[in-house]
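Working notes, structure below.
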2 protein chains.
Amino acid sequence: MENIGKILVVDDEADILEFISYNLKKEGYEVYTAPNGKEALPIAKKIKPDLILLDVMMPVMDGIETCKRIKADTDFDQTYVVFLTARSEDYSEIEGLDAGADDYIAKPIKPKVLVTRLNAILRRKIKEMAAPSIKVKDLLIDRESFLIYRGDQKIQLARKEFELLFLLASKPGKVFTRENILEKVWGDEVLVVDRTIDVHIRKIREKLGDEYIGTVKGVGYKFEI
Amino acid sequence: MENIGKILVVDDEADILEFISYNLKKEGYEVYTAPNGKEALPIAKKIKPDLILLDVMMPVMDGIETCKRIKADTDFDQTYVVFLTARSEDYSEIEGLDAGADDYIAKPIKPKVLVTRLNAILRRKIKEMAAPSIKVKDLLIDRESFLIYRGDQKIQLARKEFELLFLLASKPGKVFTRENILEKVWGDEVLVVDRTIDVHIRKIREKLGDEYIGTVKGVGYKFEI
DNA sequence: CCTTATTGTTATCTAATTGTTAATCGGTTT
DNA sequence: AAACCGATTAACAATTAGATAACAATAAGG
């Protein structure tokens with residue numbers, strides 16, 4: 001699996017650290033760990049993680065304090081912070097929000113929930129940072145206006161169609177498997193059947209012509225160079 | 001987080017300085033500090049802050065005096081000054097007004113209040129500095145008179161309708177999400193439901209015709225080029 | 001204080017988008 | 001040539017988002 005992001009996990013219990021770490025690595029994340037807030041900060045400074053997963057209750061420096069320091073540091077403008085909170089400590093939700101956390105995950109942690117939530121958060125992040133427009137062949141695919149320009153012709157695609165084309169066009173020539181596409185365009189919360197993608201591909205071809213999207217039988221689709 | 005403005009905070013108490021600084025940075029402001037009026041002036045000269053947050057009671061050079069000097073300097077035409085005043089020192093309100101302050105915040109400071117007030121002030125500032133009128137298609141959208149001119153026809157929009165149209169027209173073609181619109185037109189203190197935007201869009205379309213504002217389903221609205 | 005205009009909410013209707021299914025096609029394999 | 005495979009395509013169904021109208025709350029002006 002490709003490299004999809006760096007995550008720093010901070011928790012004082014070695015078991016939990018390993019459990020989370022294992023599950024995230026399996027997912028393809030680059031995982032770093034720290035046993036408390038104090039040690040976490042310099043590590044974070046160095047590796048610039050995309051996301052920091054922070055236990056609220058820790059010795060030395062707790063999650064709230066760590067989060068505050070992270071959010072106060074402009075180096076971490078691009079870093080998401082997610083709290084791990086025991087369900088009983090729901091007071092932390094208030095404090096945590098105040099400290100600037102971006103999301104919460106309640107303990108006990110289920111691997112599926114963990115991975116799903118983090119995927120969702122990081123996908124959002126990637127989208128926000130994505131280039132607003134792509135130029136390929138004679139097309140300009142423009143996120144600002146959600147239009148495809150071909151010469152002075154404007155072509156309007158439906159939202160999903162647009163996202164799908166945008167994905168393929170973001171790496172012309174690369175074959176995206178249906179699994180890929182599903183994950184990136186639909187997100188893993190949603191469950192749709194494979195054929196749905198084919199149908200959307202067809203709609204795009206109808207609107208743009210057949211010359212842009214190629215089929216690689218048994219593998220997936222790609223934007224033709 | 002985007003860069004939304006530069007703020008210079010001037011106070012002789014290091015604790016307060018840090019407290020304010022932290023809360024404003026969290027909000028995305030670029031924050032500078034100074035311990036008194038005398039030191040504040042050269043810093044202000046250099047960084048040209050959008051807003052100066054000024055404690056009234058300070059050694060070396062107090063807030064009133066500092067404010068007078070700032071307001072006397074044409075370099076700071078564009079700079080807002082907000083006083084921090086202890087509730088008991090209400091006399092300062094008179095003096096402060098006299099010195100040309102734009103607003104007051106009473107100590108003890110609550111982070112929410114601080115941030116909300118400054119956001120409001122700076123939003124107002126941004127609006128005031130924005131181009132007073134926009135020409136798009138056959139429309140002249142004029143802030144001075146809050147009127148829309150089409151040829152020699154004058155069209156009157158309600159305030160919110162005007163602001164909304166003005167926003168969309170400020171970047172013709174760009175799609176604004178409802179979230180975008182809410183933030184820019186309503187501001188984050190107010191909470192209104194998404195449909196409200198739709199209704200305002202409809203009102204604008206009623207008054208101007210359907211050809212100006214386009215809908216991008218699942219995304220938002222845009223001013224049609 | 002009353003009236004009116006503005007602003008905001010809600011429920012219903014409509015149309016576009018999105019998703020499913022199944023028949024069909026074209027190429028490959030046996 | 002028959003069976004097989006995955007992709008294409010058309011037709012249809014489900015879902016969702018937005019338009020709209022009618023109404024309620026709030027603010028502004030006389």
Side-chain angles (χ1 to χ4, degrees), chain A residues 145-148 154-168 175-224, chain B residues 120 127 145-148 154-168 175-224:
Chain A
S145 59
F146 273 84
L147 285 174
I148 316 294
K154 289 188 232 173
I155 302 159
Q156 174 104 0
L157 297 190
R159 167 115 184 256
K160 278 271 148 68
E161 291 160 22
F162 185 92
E163 297 287 1
L164 178 43
L165 179 68
F166 197 87
L167 173 67
L168 297 182
V175 181
F176 291 80
T177 65
R178 289 190 171 69
E179 207 185 343
N180 276 174
I181 294 172
L182 237 67
E183 191 189 316
K184 293 275 169 60
V185 176
W186 273 261
D188 37 26
E189 323 74 78
V190 193
L191 195 65
V192 290
V193 100
D194 273 14
R195 300 286 108 211
T196 303
I197 294 169
D198 305 23
V199 174
H200 277 92
I201 293 282
R202 171 148 175 290
K203 293 254 181 72
I204 297 171
R205 284 175 176 159
E206 256 176 16
K207 291 182 185 173
L208 293 182
D210 289 348
E211 64 266 42
Y212 300 102
I213 297 178
T215 305
V216 181
K217 274 210 165 194
V219 189
Y221 294 99
K222 64 174 171 178
F223 194 98
E224 296 287 359
Chain B
K127 239 176 223 169
S145 59
F146 272 77
L147 283 174
I148 317 294
K154 286 189 229 172
I155 303 158
Q156 174 98 27
L157 296 190
R159 171 90 183 275
K160 276 274 148 67
E161 290 160 21
F162 185 91
E163 296 288 358
L164 178 44
L165 179 68
F166 196 86
L167 174 66
L168 296 182
V175 179
F176 291 79
T177 64
R178 289 190 171 69
E179 211 183 339
N180 278 173
I181 294 173
L182 237 63
E183 190 188 317
K184 293 275 169 59
V185 175
W186 272 261
D188 38 26
E189 10 7 306
V190 193
L191 194 66
V192 290
V193 99
D194 273 13
R195 301 283 105 214
T196 302
I197 294 169
D198 305 23
V199 174
H200 277 91
I201 293 282
R202 170 146 177 292
K203 294 256 181 71
I204 297 171
R205 284 175 176 160
E206 256 176 16
K207 291 182 185 172
L208 292 181
D210 290 348
E211 65 266 41
Y212 300 102
I213 297 178
T215 304
V216 180
K217 272 210 164 192
V219 190
Y221 294 99
K222 64 176 168 180
F223 194 98
E224 294 288 359

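All values reported here derive from a predicted model rather than from experimental measurement. Any value given below was found using the heavy atoms of this structure, including those in side chains, with hydrogens, waters and symmetry copies removed. Just so it is clear: chains get the letters A, B, ... in the order the sequence lines come, proteins before strands, and each one is counted from 1.
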Between atom [atom1] of [X] and atom [atom2] of [Y], what is the distance when rounded to the nearest 0.5 Å?
| X | Y | atom1 | atom2 | answer |
| --- | --- | --- | --- | --- |
| A/F166 | A/E163 | CZ | CD | 8.0 Å |
| B/L182 | B/T196 | CG | OG1 | 8.0 Å |
| A/I181 | A/L164 | CD1 | CG | 5.5 Å |
| B/I155 | B/L165 | CD1 | CG | 9.5 Å |
| A/H200 | A/R195 | NE2 | CZ | 14.0 Å |

Practice task
Just do the side-chain contact (heavy atoms from CB on, under 4.5 Å) check on A/W186 and A/I197 with the steps written out, would you?
Solution key: CA-CA 10 Å; A/W186 273 261; A/I197 294 169; 4.1 Å; yes
Just list the side-chain donor-acceptor pairs under 3.5 Å for residues 215-224 of chain B, sequence neighbours left out, or say none.
from: B/T215; atom 1: OG1; to: B/R205; atom 2: NH2; distance (Å): 2.8
from: B/Y221; atom 1: OH; to: B/R178; atom 2: NH2; distance (Å): 3.3
from: B/K222; atom 1: NZ; to: A/S145; atom 2: O; distance (Å): 3.2

Problem - 5'-most by nearest nucleotide on DNA chain D - B/K217 or B/R202 - result: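 Whichever sits nearer the 5' end wins; that is B/K217.
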Handout entry: Boundaries of the DNA chain D segment in contact with chain B, non-hydrogen, under 4.0 Å
Key =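 Listing 5' to 3', DNA chain D meets chain B from D/dA17 to D/dA21.
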Handout entry: Close side-chain approach of B/I204 and B/L168, heavy atoms under 4.5 Å
Key =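 Not touching, per the 4.5 Å side-chain cut-off.
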Problem - 4.5 Å side-chain heavy-atom contact, B/D198 and B/I201 - result: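 B/D198 vs B/I201: side chains apart.
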What's [X] touching, base or sugar-phosphate or nothing? Going by heavy atoms closer than 4.0 Å.
| X | value |
| --- | --- |
| B/T215 | sugar-phosphate |
| A/K160 | sugar-phosphate |
| A/F162 | nothing |

Practice task
With a 4.0 angstrom cut-off to heavy atoms of chain A, pull out the first and last contacting nucleotide of DNA chain C, in 5'-to-3' order.
Solution key: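 So the outermost contacting nucleotides come out as C/dT17 to C/dG26.
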Exercise for the section: Using heavy atoms to find the nearest nucleotide of DNA chain C for B/E161 and A/R195 separately, return the residue whose nucleotide is more 5′. Expected result: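 Nearest nucleotide further toward 5': that of B/E161.
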Problem - A/D194 vs B/H200, nearer the 5' end of DNA chain C by closest nucleotide - result: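 Upstream on the strand: B/H200.
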Handout entry: Of all pairs that satisfy salt bridge (Lys or Arg N to Asp or Glu O under 4.0 Å), the ones with a partner from residues 207-216 of chain B, not counting sequence neighbours
Key =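 Listed once each, the pairs are B/E161-B/K207.
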Problem - Difference in axis direction between the ends of the helix from C/dC1-D/dG30 to C/dT30-D/dA1, five pairs, 10° - result: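 So the angle between the two local helix axes works out to 20°.
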Problem - Test salt bridge (charged side-chain N to carboxylate O under 4.0 Å, His left out) applied to B/E206 - qualifying residues, sequence neighbours left out - result: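 Listed in chain order: B/R202.
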